[in-house]
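Encoded as C-alpha cells, the structure appears first; notes follow it.
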There are 2 protein chains.
Amino acid sequence: MNPVRPPRLVRSVIMDRDHPSGRGQATSKDVAAAAGVAQSTVSYVMTGKRSVTADVRRRVEKAMRDLDYHPNAGARALRGAKTNVIALAVHLGADADVGDTLPYIDTIVEEARNREYEVVLLTTDEGPGGLQRLAGRRVADAFVLMDVRTRDDRLATAADLGCPVVLFGRPADSHGLDAVDFDTGRAAALLVDELAYTGHRHIVVVGDSPEADALEFRFISEFHSSARVRAQERGVTIDIVHRESNGWAGFESVADRILVHRDDRLGIIARTPRVTEWVVQLARLHGLVLGRDVSVVALCTDSTAREFDPAITNVSPEPRELSRRAMGVLFERIVGDDQPPRLELVQPRGITRRGSTTDHGLSE
Amino acid sequence: MNPVRPPRLVRSVIMDRDHPSGRGQATSKDVAAAAGVAQSTVSYVMTGKRSVTADVRRRVEKAMRDLDYHPNAGARALRGAKTNVIALAVHLGADADVGDTLPYIDTIVEEARNREYEVVLLTTDEGPGGLQRLAGRRVADAFVLMDVRTRDDRLATAADLGCPVVLFGRPADSHGLDAVDFDTGRAAALLVDELAYTGHRHIVVVGDSPEADALEFRFISEFHSSARVRAQERGVTIDIVHRESNGWAGFESVADRILVHRDDRLGIIARTPRVTEWVVQLARLHGLVLGRDVSVVALCTDSTAREFDPAITNVSPEPRELSRRAMGVLFERIVGDDQPPRLELVQPRGITRRGSTTDHGLSE
DNA sequence: ATGAAAGCGCTAACAG
DNA sequence: CTGTTAGCGCTTTCAT
C-alpha cells in the first residue's frame with residue numbers, strides 16, 4: 001500500500017533530522033551545516049554586516065527556510081547587548097481613562113514592529129521598580145512612559161537607567177528625558193475660537209476629573225488656563241466645571257452650573273470623550289437640541305466625534321500621531337544620537353466643524 | 001580638604017569596580033567574587049534548587065544588594081530554555097470594543113507579574129505570523145489569545161507552537177487548546193429572568209454590532225439564542241435589534257423597533273456598555289424615565305453600571321475573574337500538566353438589581 | 001554543602 | 001569573500 005507517496009513536507013524533514021531533536025528549534029549551526037558554510041556566514045547573511053556571494057546567500061536562505069530557522073532572541077541579546085525590546089509603561093487600572101488609550105498603544109506596537117522591536121507591557125502602578133527590573137535584567141533596552149504626571153517618581157529612576165526613554169506628557173522636571181506632548185493649550189484655544197466666531201457669548205468647559213487631577217496632569221491645567229485666557233481675549237464669559245463625584249450623579253449635580261446661560265448663546269466644551277457623552281445626554285434631558293439650542297464642541301478623536309448624532313465639532317488629540325512621534329524620537333536615541341533632550345509638541349490638525357454647533361451669524 | 005567623607009554610596013562602589021565597567025551591569029560572577037563563593041552557588045541561592053548554608057546565603061544576598069545585581073534575562077532564557085515571558089495577543093485596532101478591554105489586560109499583566117513573568121504585546125492583526133515569530137525566536141514561551149473568533153486562523157498555528165496557549169472565547173474548533181469563556185448564555189438568561197420576574201411583558205435585546213459579527217463571535221450568538229429561548233419559557237415576547245450603521249444615527253434608525261412596546265411593560269437588555277449609554281439616551285430622548293416608564297438591564301461591569309443615574313441593573317462579564325482563570329490554566333500548563341484540554345466557563349456572579357428597573361408587582 | 005567546568009545560540013574579532 | 005574561535009551570563013551536571 002501507499003506505493004506512491006507525495007514528496008515529504010518540510011516539517012517532516014525537520015522531524016527527521018537528528019540534531020534539532022524533536023520539537024527543538026533549528027539553530028544557526030544547523031543552518032550553517034545544511035548550507036555547507038560557517039556559522040558566522042549565517043550570521044552575516046542575517047545582519048548584512050559583511051558582503052556575501054550571491055550564491056552563498058541563496059544557499060543559506062534556502063537552508064533557513066527548509067529548517068524553519070528563527071534566531072534565538074535570548075542568545076542575540078546576550079551576545080549583542082541589545083534586546084530589541086521596548087518597555088511600555090501605561091496605566092491600566094480601574095480608573096484608566098478608557099476613552100482614547102487604545103489607539104496610543106496600538107500605534108506604539110505597530111511602530112515597534114516596523115523596526116523589528118517587541119513591546120513588553122508594564123503598568124504604571126509598578127512605579128520605578130518596574131523600570132529597574134526591566135532595565136536591570138536586560139529585558140528591554142528602551143522605555144516609553146505614558147500617563148506621566150507633573151511630578152512623577154518614575155522619572156528620576158528612568159533618567160538613571162542609561163537607556164533611551166521617551167515620555168508622554170510634560171512633567172515639571174523632565175530629568176533630561178525626551179518627551180512628546182499634545183498642545184492641549186492650542187486645542188483649547190481652537191475650541192474657544194470656534195465658539196466665539198460662531199457668535200456664542202458664554203462658554204462652559206466640562207471635565208470629568210476632580211479638580212485635584214488638574215494639578216497632577218499638566219494637560220488638564222493647561223487646557224483650562226488656555227481656554228480661560230482665550231475666552232477673555234474673545235470677550236466671552238467662561239466657567240470651568242467638573243463633576244463632583246463619580247458617575248452620572250456627580251455630573252448631574254453640576255448641571256445647573258453648566259446650563260445657566262442656556263438661553264443666551266451657550267457653547268459647551270467637553271474635554272474628554274466620556275464627558276462628551278454626558279453633555280449630550282444632559283442637553284437632551286433638558287430638551288435642548290444640539291446645534292440649535294446649544295452648541296457642543298469636544299476634544300476627542302474624529303471617530304468618537306462621528307459616533308454622535310449630530311456629529312460633534314471636535315479637535316482630535318491625535319493619539320496616533322503622538323505615538324508615531326514618540327517612537328520616532330525613541331529610535332533616534334536608540335541608534336544613538338547625542339542631541340540635547342527634545343520636546344515634540346504635537347499641534348492639533350485643526351478643528352472639524354460638524355453638526356453640534358450653531359452659527360449665530362456673528363462670524364467674522 | 002574633605003577630611004571627613006561620608007561613607008561611599010553603593011553606586012560609587014559599583015563605578016569604582018573595574019570589572020563591571022562603567023555603566024555595565026554586575027554579573028553573577030561579580031557577585032560570586034564579592035561573596036567569595038562559586039558562581040554556581042549564586043545561582044542556587046536564587047533558584048533554591050540546592051540547599052545553602054545560612055551564612056553563605058547571607059553573604060551572597062548582601063553582595064547582590066551591594067552590587068545592585070539583576071540576573072540577565074537573555075542568558076537565563078538561553079541556558080534555561082525558559083523565557084519567563086508570555087505573549088498576549090489582543091485586538092487594539094480602531095474598531096476595538098474599547099468598553100471593557102482594559103481590565104482584562106490589567107489583570108493578565110498583574111497575574112503574570114505575580115509569577116515573575118513579563119508580558120509582550122501582540123496585535124490580533126499580526127495573525128498567525130506573530131505567534132510564530134515570538135515562539136520561533138524564543139521570545140515568549142506561553143500565549144494568551146484574546147478576541148478569538150468562531151473560526152480563527154491563528155488557532156491551527158497556535159496548537160502547533162508546542163507551548164502552552166490559552167484562549168479567551170470558544171472557537172468552533174479549539175484545536176485541543178485550553179480556553180476560558182464567560183457563560184454569556186447564562187447571563188442572557190439571568191437578564192431575561194429579571195425582567196420577566198418583575199412583570200415585564202416585552203423584551204428587546206440591543207447589540208451594537210451588525211448581525212454579521214454574531215457569526216464570528218460565539219458569545220454574541222449565544223447571548224441572542226439563550227435570551228430567545230428563555231423569553232419563550234417565561235412567556236414574554238422578545239425582539240433582537242442591533243444598529244444598522246456606525247454611530248448614533250445607525251442606532252436611532254432602529255429606535256422604533258426598540259420602543260414599539262413602550263407603553264406595555266417594556267424591558268430592554270443592553271449587551272455592551274456602549275449600547276447601554278445609547279439606550280439610556282434614547283429613553284431620555286423619548287421622555288421615558290428609567291425604572292418607571294421603561295426598564296433597562298445590561299451586560300456590563302459593576303463600575304460601568306454605577307456610572308449611570310439611576311444605576312443600571314446589570315450582570316457583570318467578570319473580566320478580572322476571566323483573566324485570573326485564564327492565567328491559572330496557563331500556568332498549570334507551564335509547570336507541565338498533561339490533563340486533556342480544559343474549558344473554564346466562568347459563571348456570572350449573579351444579577352445586581354439597581355434603579356433602572358421597575359417592579360411591576362408580578363414577581364413570583 | 002560547595003566548586004569547577006561545560007555549554008545554551010549567537011556575534012564579532014581575528015585569520016586567512 | 002569566508003572560516004575559526006572566543007566569549008556574552010547564566011544553569012547544571014559532575015566532582016568533591
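Letters go in sequence order (proteins before strands), and every chain restarts at 1.
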(request) Scan B:V52 against the nucleic acid and name what it touches under 4.0 Å (heavy atoms): base, sugar-phosphate only, or nothing. (result) sugar-phosphate
(request) Name all pairs fulfilling the ring-ring contact (aromatic ring centres under 6.0 Å, His included) condition that reach into residues 116-144 of chain B, sequence neighbours left out, sorted by first residue then second. (result) B:Y117-B:F331
(request) Please collect all ring-ring contact (aromatic ring centres under 6.0 Å, His included) contacts where either partner lies in residues 48-89 of chain B, sequence neighbours excluded, each pair once. (result) none
(request) Write down the distance between CE (B:M64) and P (D:dC10), rounded to a whole number of angstrom. (result) 9 Å
(request) Calculate the interatomic distance between B:R137 atom CZ and C:dT11 atom C1'; express it in whole Å. (result) 15 Å
(message) Checking the side chain of B:D178 only, and the main-chain atoms of B:R342 only, is there a donor and an acceptor separated by less than 3.5 Å?
(response) yes
(request) Return the value, rounded to whole Å, for the distance between atom NZ of B:K29 and atom P of C:dG3. (result) 15 Å
(message) Could you tell me how far apart B:L78 (CG) and D:dC10 (P) are, to the nearest whole angstrom?
(response) 12 Å
(message) Does a side-chain N or O of A:R76 approach OP1 or OP2 of C:dT11 to a distance below 4.0 Å, or not?
(response) yes
(message) Whole angstroms only, please: what is the NZ-C1' distance between B:K82 and C:dG9?
(response) 19 Å
Can you name the atoms? Protein N/O to nucleotides 12-16 of chain D N/O, anything below 3.5 Å, with the distance.
residue, atom, partner, partner atom, Å
D:dT12, OP2, B:K49, NZ, 3.2

Can I get a per-line list of side-chain donor-acceptor pairs under 3.5 Å for residues 34-53 of chain B, giving both atom names and the distance, sequence neighbours left out?
residue, atom, partner, partner atom, Å
B:Q39, NE2, B:S28, OG, 3.0
B:T47, OG1, B:S43, O, 3.2
B:T47, OG1, B:K49, N, 3.3

(request) Considering only NZ, NE, NH1 and NH2 on the basic side and carboxylate oxygens on the acidic side, decide whether B:R58 and B:E61 come within less than 4.0 Å. (result) no
(message) Using only atom types and a distance under 3.5 Å, with no angle test, would you say the side chain of B:D181 pairs donor to acceptor with the backbone of B:L343?
(response) no
(message) So B:V37, base contact, sugar-phosphate only, or nothing? Heavy-atom distance under 4.0 Å.
(response) sugar-phosphate
Which pairs of donor and acceptor atoms, one on a side chain in residues 102-113 of chain B, lie under 3.5 Å apart (sequence neighbours left out)?
residue, atom, partner, partner atom, Å
B:D106, OD2, B:R320, NH2, 2.3
B:T107, OG1, B:P103, O, 2.9
B:T107, OG1, B:R320, NE, 3.1
B:E111, OE1, B:R115, NH1, 3.0
B:R113, NE, A:E126, OE1, 3.4

(message) As a test of reading the structure: which of D:dC1, C:dC10, C:dT11 is closest to the side chain of A:P71, going by heavy atoms?
(response) C:dC10
(request) Drop me the distance from A:L88's CG to A:T123's OG1, to the nearest 0.5 angstrom. (result) 11.0 Å
(message) Checking B:L145 against B:L131 for the side-chain contact (heavy atoms from CB on, under 4.5 Å) test, could you report, in this order, the C-alpha distance in whole Å, the side-chain angles of both residues, the deciding distance, and whether it holds?
(response) CA-CA 10 Å; B:L145 269 54; B:L131 306 179; 4.0 Å; yes
(request) Measure the angle between the two terminal helix axes of the helix from C:dA1-D:dT16 to C:dG16-D:dC1, five base pairs each, and quote it to 10°. (result) 40°
